Amino acid sequence: MKARRVNEHTFVVVLEPGEEVVAGLTGFAAEQGVTAARVSGIGALSEVTFGFYERDRKDYDRMTLAEQVELLSLLGNLTVTDEGPRLHAHVVVSRTDGTALGGHLFHASVWPTLEAFVVSSPVELRRRMNDEVGLPLIEP
């Protein structure tokens, strides 16, 4: 990973081939002390696992693509939990035939690059488990 501060609150983070996206971005947040941020990115991936939340089951249906895909969009946020930084992101990816798929990001391996902007907030945002929903939600 390479990162550069662009201004007081904005970083450019470039993940390299083979890096795992969630671990890379949460690791970056921990190193920089980022406790709340908006994240956006594009690039390409060699594998991605994403999902759709089934509210009745309070669990995700997951799909893994073990193929080269273009990362058309990564949008999300970084917050903190008692365990440390947490990335909540959604992705849209494109296969070689141009079809697009997407959902909640669980795992992705970069190939050859992922270029992200991380815009931090000076105010910490925390997530806590919401038992009714079954997910850790931001406490505004």
Side-chain angles (χ1 to χ4, degrees):
M1 171 191 359
K2 297 176 185 170
R4 179 175 150 203
R5 184 182 291 271
V6 176
N7 61 38
E8 182 181 0
H9 298 290
T10 304
F11 299 85
V12 173
V13 179
V14 178
L15 299 181
E16 298 177 354
E19 285 192 81
E20 203 286 319
V21 174
V22 176
L25 291 173
T26 56
F28 166 80
E31 289 171 11
Q32 296 297 319
V34 173
T35 59
R38 181 177 67 241
V39 179
S40 61
I42 59 172
L45 309 169
S46 61
E47 180 182 332
V48 61
T49 300
F50 53 89
F52 181 85
Y53 192 69
E54 291 287 343
R55 64 188 268 185
D56 293 337
R57 289 188 304 117
K58 294 184 179 177
D59 199 9
Y60 285 89
D61 287 334
R62 295 179 189 222
M63 175 188 287
T64 298
L65 299 175
E67 61 191 77
Q68 185 70 28
V69 293
E70 285 290 315
L71 176 60
L72 304 178
S73 177
L74 178 147
L75 293 173
N77 56 58
L78 284 160
T79 57
V80 290
T81 66
D82 291 340
E83 292 78 41
R86 180 178 181 124
L87 175 68
H88 178 200
H90 292 187
V91 295
V92 178
V93 298
S94 173
R95 291 177 145 163
T96 59
D97 66 359
T99 57
L101 298 167
H104 175 87
L105 176 66
F106 287 103
H107 164 83
S109 295
V110 173
W111 187 265
T113 190
L114 187 146
E115 303 160 347
F117 280 85
V118 177
V119 181
S120 68
S121 167
V123 177
E124 177 180 285
L125 289 177
R126 286 200 151 276
R127 286 188 178 275
R128 297 220 193 277
M129 181 54 78
N130 179 306
D131 293 328
E132 180 182 347
V133 176
L135 293 168
L137 302 179
I138 291 176
E139 293 183 335

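Just so you know, residue 1 is the first one in the sequence shown, and it goes up from there. Since this is a predicted model, take the numbers as computed values, not measurements.
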Colleague: Mind checking whether Val22 and Val110 sit in one hydrophobic cluster, side chains of I, L, V, M, F, W, Y counted as touching below 4.5 Å?
Modeller: yes

Colleague: Would you say Glu83 and Thr26 make side-chain contact, with heavy atoms under 4.5 Å?
Modeller: no

Colleague: Are the side chain of Lys58 and the backbone N or O of Leu135 linked by a donor-acceptor pair below 3.5 Å?
Modeller: no

Colleague: Provide the full list of ring-ring contact (aromatic ring centres under 6.0 Å, His included) pairs with a residue in residues 23-45, sequence neighbours left out, each pair given once.
Modeller: Phe11-Phe28

Colleague: How close do Val34 and Ser120 get, counting heavy atoms only, and between which atoms?
Modeller: CG1-CB, 4.1 Å

Colleague: On a heavy-atom basis, which atom in Glu19 and which in Val14 lie closest, and how many Å separate them?
Modeller: OE2-O, 4.4 Å

Colleague: Using the rule that Ile, Leu, Val, Met, Phe, Trp and Tyr join whenever any side-chain heavy atoms are under 4.5 Å apart, tell me whether Leu65 and Leu114 fall into a single cluster.
Modeller: yes

Colleague: Grouping I, L, V, M, F, W and Y whenever their side-chain heavy atoms are under 4.5 Å apart, do Val39 and Met1 come out in a common cluster?
Modeller: yes

Colleague: Around atom OH of Tyr53, are there more than 12 heavy atoms of other residues, nucleotides or ligands at under 6.0 Å?
Modeller: yes

Colleague: Any donor-acceptor pair under 3.5 Å linking the side chain of Gln68 with the backbone of Trp111?
Modeller: yes

Colleague: Show the nearest heavy-atom pair for residues Gly43 and Glu70, with the distance to one decimal.
Modeller: O-OE1, 3.5 Å

Colleague: Less than 4.5 Å apart, any side-chain heavy atom of Asn77 and any of Arg38?
Modeller: no

Colleague: Inspect the surroundings of CZ in Arg4 and state if more than 12 heavy atoms from other residues, nucleotides or ligands are less than 6.0 Å away.
Modeller: no

Colleague: Count I, L, V, M, F, W, Y as connected when their side-chain heavy atoms are under 4.5 Å apart, and connections chain through other members. Are Leu75 and Val21 then in the same cluster?
Modeller: no

Colleague: Say whether Leu15 and Val12 are linked into one hydrophobic cluster, either directly or through other cluster members, by side-chain heavy-atom distances under 4.5 angstrom.
Modeller: no

Colleague: Would the number of heavy atoms belonging to other residues, nucleotides or ligands and lying under 6.0 Å from CZ of Phe117 be above 12?
Modeller: no

Colleague: Crowded around Glu139 CD? As in, over 12 foreign heavy atoms under 6.0 Å?
Modeller: yes

Colleague: Any non-hydrogen side-chain atom of Glu67 less than 4.5 Å from a side-chain atom of Val69?
Modeller: yes

Colleague: Mark yes or no for whether Lys2, through its side chain, and Glu16, through its backbone, hold a donor-acceptor pair below 3.5 Å.
Modeller: no

Colleague: Flag yes if more than 12 heavy atoms outside Arg126 fall under 6.0 Å of its CZ atom; otherwise flag no.
Modeller: yes

Colleague: What residues, two or more places apart in sequence or in another chain, satisfy ring-ring contact (aromatic ring centres under 6.0 Å, His included) together with His90?
Modeller: His88, His104

Colleague: By salt bridge (Lys or Arg N to Asp or Glu O under 4.0 Å), which residues pair with Glu115, not counting sequence neighbours?
Modeller: none

Colleague: Within a radius of less than 6.0 Å around CE of Met129, do more than 12 heavy atoms belonging to other residues, nucleotides or ligands occur?
Modeller: yes

Colleague: Say whether Arg86 and Thr81, considering side chains only, have a donor N or O and an acceptor N or O under 3.5 Å apart.
Modeller: no

Colleague: For the pair Glu20 (side chain) and Ala23 (backbone), establish whether a donor and an acceptor sit closer than 3.5 Å, ignoring hydrogens and angles.
Modeller: yes

